[in-house]
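The structure under discussion appears below in the form of structure tokens.
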Amino acid sequence: MTDPRDALRAWFLGPRAENADLLERLVTEALRDHVFWRRNFHPEDGFTISERDRRAPGFDEAVATLTQELLGLLAELKRDVPFFSGRYKGHMVFEQTIASQVGYFAAMLYNPNNVALEAAPVTTRLELEVAHQLAGMIGYDPEGGWGHLTGGGTIANFEALWIARNVAYLPLAVRWAAADFGVEVPVRLPGGDVAPLAALDLHTLLNLHPSDALDAWQRLRAAGPPDVVARTLAGHTLGAAGYQEYSRRIAAAFPDPLPDSVVLVAATAHYSWEKVVRALGIGGDQLRHVPVDAHCRMDPDALWESLVALARSRTPVMALVSVCGSTEESAVDRLDQVLEVRARAAVELGLAFHVHSDACYGGYAASVTRDAAGARREGAAIRRDLGVPWPTDEWVAAITALGGADSVTIDPHKLGYVPYPAGAFLCRDRRARELVAVTPPYLAPAGNDPTGDEFLGRFILEGSKPGAAAAAVWLSHKVLPLDERGYGYLIGQTAIGARRLHAALAAADLGSFRAILLPEPDINIVCWLLTHPRCTTLGQVNELNEGIYRMMSLHRADAAPEYIITRTRFESPQYDGAVPPLLEQLAVGSLDEWRGPEGGLVVLRATVMDPFMAAPPPVPDHVAGFVGALRRAAVEAMQGEK
Ligand SMILES: Cc1ncc(COP(=O)(O)O)c(C=O)c1O
């Protein structure tokens, strides 16, 4: 077995492009191989561009333009962001694995379009394979589930709620279609009883477990020929009718109106959820935040209280979004506890809803919990191998619970270290995808099952999409398996590096400045803020940290920053659970001031995706370097305020 401690240095080009010869060799290999392919494809065709053509003055002119313009582009690109450097601790991106770069480049020469098999016979298969691998890593049965790559986390999250919403309203459509056929369709209720759909009131119909709703639909299929049942059902779906017409139909059929269904999200949820509820017509007002605790994880008690209040007002919950690796803090919700709350709500409150885990950032960390045979690793064994008190058993339990979520989104272009664009959507019950399926006749595969897995375009929001992205993820997974030998090792190193940085900030001599830290991160994003005796109001503390951010970000116009970080603003009520301990340490400002119109707390963030930070010197010690740069930036920011 390749020792990942050695392999790590072969996985990336390197901050000084140390592996340039390797990348060059592999890119050249890919290009030459592509050239052979072209030369051998119908060689009887002869040459379209002759050697004589290539010597014409106009040809030279065109090549000169191309070369010159490329040089211009290359010069422009020097102003881009140095993601590859240990000095970059900004957003959730580091450099990409060589495997993914070469995989992307190689496939890009063929330009496959994974919308349909006939435009991407090879990379469609690779896409389904990587979806299988991701599904297996999080604990889904890959055969029962379904997944594919997307342009990113936002699109993947959209698909999750699109499917969740259509499953939530499915019982209505099945009930109406059953009435058309004159058949009775029984369904399992949240408490375990079974009742005919026709006997249920609206609140109960909108509170069926997703699998039970899908089972009811399956039972309806016995009512007639498949295409007739499918057409009849489709006519009764929200997707076909749209919200306005559907509301009219519901009002006519059920005398007892209900409040609008809501979508519960962890208070740390990415802003894409706001986009998604707006785009789906659910409405931004229907997005409800569940408070987080001091670790920025969804508070299961607060979730329970929200559910009790929603049950009392008879408000249906369309979906609950838990986060695995929050954007700002890399916090991992205790999904195991969240799922327990859902189970309790089914029995005690008669509530049922889809649970989604937004693991766009943290999903790949599940590889830490897998051994080479794919079995789940104990927390103690992982901690022993990494040599740090991470991850906790609770963390492993939360990650293990991903397999119990109805859908999960995971972005290869974040902790998968592959080029944009690559997100992934996974759902536990493949039947659900039919609820968003649209069949374009011009793309239906000849001879193949038009409803088969390979026909990606039928089930996804996007149309044309890069097969090169699938090749990139596929090759990267081949070189770095989704377990302790590959991604698990890589991400483990980043967690160690983040702990080193956290400890260094806590112990740092920052002169008259003082660091106030959030708890150690669940994965690898370190959050803190600085204060100074001259900062006597919350506003001044915020100004100081905004100033530090300006000094340590690419906004700096006068000089290149020594290190690059980002910042966020913790606001009430989303961060009600996390901010009080910080204010207490700050000993400046009050909760009222923080909650007020000028309030909020500016928090600095360092995303440690650089695996080389885990190793002690002699490699550049970016931990010590970072602390020194922070101190200098703080002094400058303070002077700037005078
Ligand atoms: C938790 C989480 N979900 C979703 C997204 C959206 O991902 P994308 O930018 O790929 O659309 C992000 C992006 O940072 C994220 O952190």
Side-chain angles (χ1 to χ4, degrees), residues 81 83 88-94 96 100 134 138 147-162 164 263-280 287 289-290 292 295-298 319-333 335 338 355-366 398-399 402 405 407-426 460-462 465-466 469-470 472-473 491 494 498 521-527 565-568 574-575 603 605-609:
V81 184
F83 296 135
Y88 184 79
K89 307 254 166 284
H91 296 287
M92 31 184 64
V93 51
F94 182 63
Q96 299 83 59
S100 65
L134 291 170
I138 62 161
H148 66 93
L149 296 180
T150 64
T154 302
I155 300 291
N157 283 343
F158 182 98
E159 288 198 6
L161 199 55
W162 191 22
V263 176
L264 297 175
V265 293
T268 52
H270 186 254
Y271 78 105
S272 54
W273 291 102
E274 181 83 32
K275 287 187 192 175
V276 172
V277 288
R278 286 165 184 250
L280 279 170
L287 196 67
H289 289 106
V290 181
V292 291
H295 292 265
C296 299
R297 303 171 193 146
M298 182 189 280
L320 165 68
V321 178
S322 166
V323 180
C324 174
S326 61
T327 312
E328 263 104 349
E329 313 84 3
S330 74
V332 175
D333 285 351
L335 182 59
V338 168
V355 170
H356 173 76
S357 174
D358 180 347
C360 283
Y361 185 61
Y364 269 81
I399 294 287
L402 284 171
S407 55
V408 177
T409 41
I410 300 184
D411 288 351
H413 69 203
K414 294 191 172 78
L415 278 182
Y417 296 79
V418 310
Y420 300 110
F425 167 72
L426 304 169
I460 66 176
L461 177 68
E462 290 163 279
K465 66 204 215 80
V473 181
I491 293 166
T494 70
D522 285 343
I523 307 176
N524 53 15
I525 302 180
V526 179
C527 295
I565 60 169
T566 54
R567 59 92 171 79
T568 187
Q574 284 92 328
Y575 282 91
V603 172
R605 306 166 59 240
T607 306
V608 184
M609 280 181 61

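Whatever order the structure lists them in is the order used to number ligands and atoms, beginning at 1. As the structure is a prediction and not an experimental result, all values here were calculated from the model.
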Quiz prompt | is_close_aromatic(H356, W273), centroid dist under 6.0 Å | solution = yes
Practice problem: Heavy atoms only: give me the nearest H413-G153 pair and the separation to one decimal. | Solution: NE2-N, 4.3 Å
Quiz prompt | Test item, H413 contacting ligand 1 (heavy atom, 4.0 angstrom) | solution = yes
Practice problem: For E159 and H148, test the side chains for any donor-to-acceptor distance below 3.5 angstrom and give the result as yes or no. | Solution: yes
Quiz item: For ligand 1, which atoms, with element, lie under 4.0 Å from some heavy atom of G152?
Solution: 10 (O)
Quiz item: R605 side chain to E328 main-chain N or O, any donor-acceptor pair under 3.5 Å?
Solution: yes
Quiz item: What part of H91, side chain from CB on, backbone N/CA/C/O, both or neither, has a heavy atom under 4.0 Å from ligand 1?
Solution: neither
Self-check item: Proximal ligand 1 atoms for C360, defined as those under 4.0 Å from one of its heavy atoms
Solution: 2 (C), 3 (N), 4 (C)
Exercise. Please write down residue, atom name and distance for the protein heavy atom closest to atom 9 (O) of ligand 1.
Key: K414 NZ, 3.9 Å
Practice problem: Closest by any non-hydrogen atom to atom 2 (C) of ligand 1: pick that one out of T409, D358, N157. | Solution: D358
Practice problem: Could you tell me the residue and atom name of the protein heavy atom closest to atom 6 (C) of ligand 1, and the distance to it rounded to 0.1 Å? | Solution: H270 CE1, 3.3 Å
Practice problem: Enumerate the atoms of ligand 1 whose separation from the nearest heavy atom of M92 is less than 4.0 angstrom. | Solution: 14 (O), 16 (O)
Quiz item: Can you tell me the protein heavy atom closest to atom 11 (O) of ligand 1 and the distance?
Solution: T154 OG1, 2.5 Å
Quiz item: Nearest protein heavy atom to atom 15 (C) of ligand 1, by residue and atom, and its distance?
Solution: T327 OG1, 3.3 Å
Quiz item: Going by distance only, is there an N or O of G153 that falls short of 3.5 Å from an N or O of ligand 1?
Solution: yes
Quiz item: In terms of side-chain heavy atoms, does Y361 have a donor or acceptor partner in N524 at a distance below 3.5 Å?
Solution: yes
Quiz prompt | Side-chain (R297) to main-chain (L335) donor-acceptor, under 3.5 angstrom | solution = no
Quiz prompt | Donor-acceptor side-chain pairing of D522 and S330 below 3.5 angstrom | solution = no
Practice problem: Report yes if the distance between the aromatic ring centroids of F83 and F94 is under 6.0 Å, otherwise no. | Solution: no
Quiz item: Which ligand 1 atoms, with their elements, are less than 4.0 angstrom from a heavy-atom of D411?
Solution: 7 (O), 10 (O)
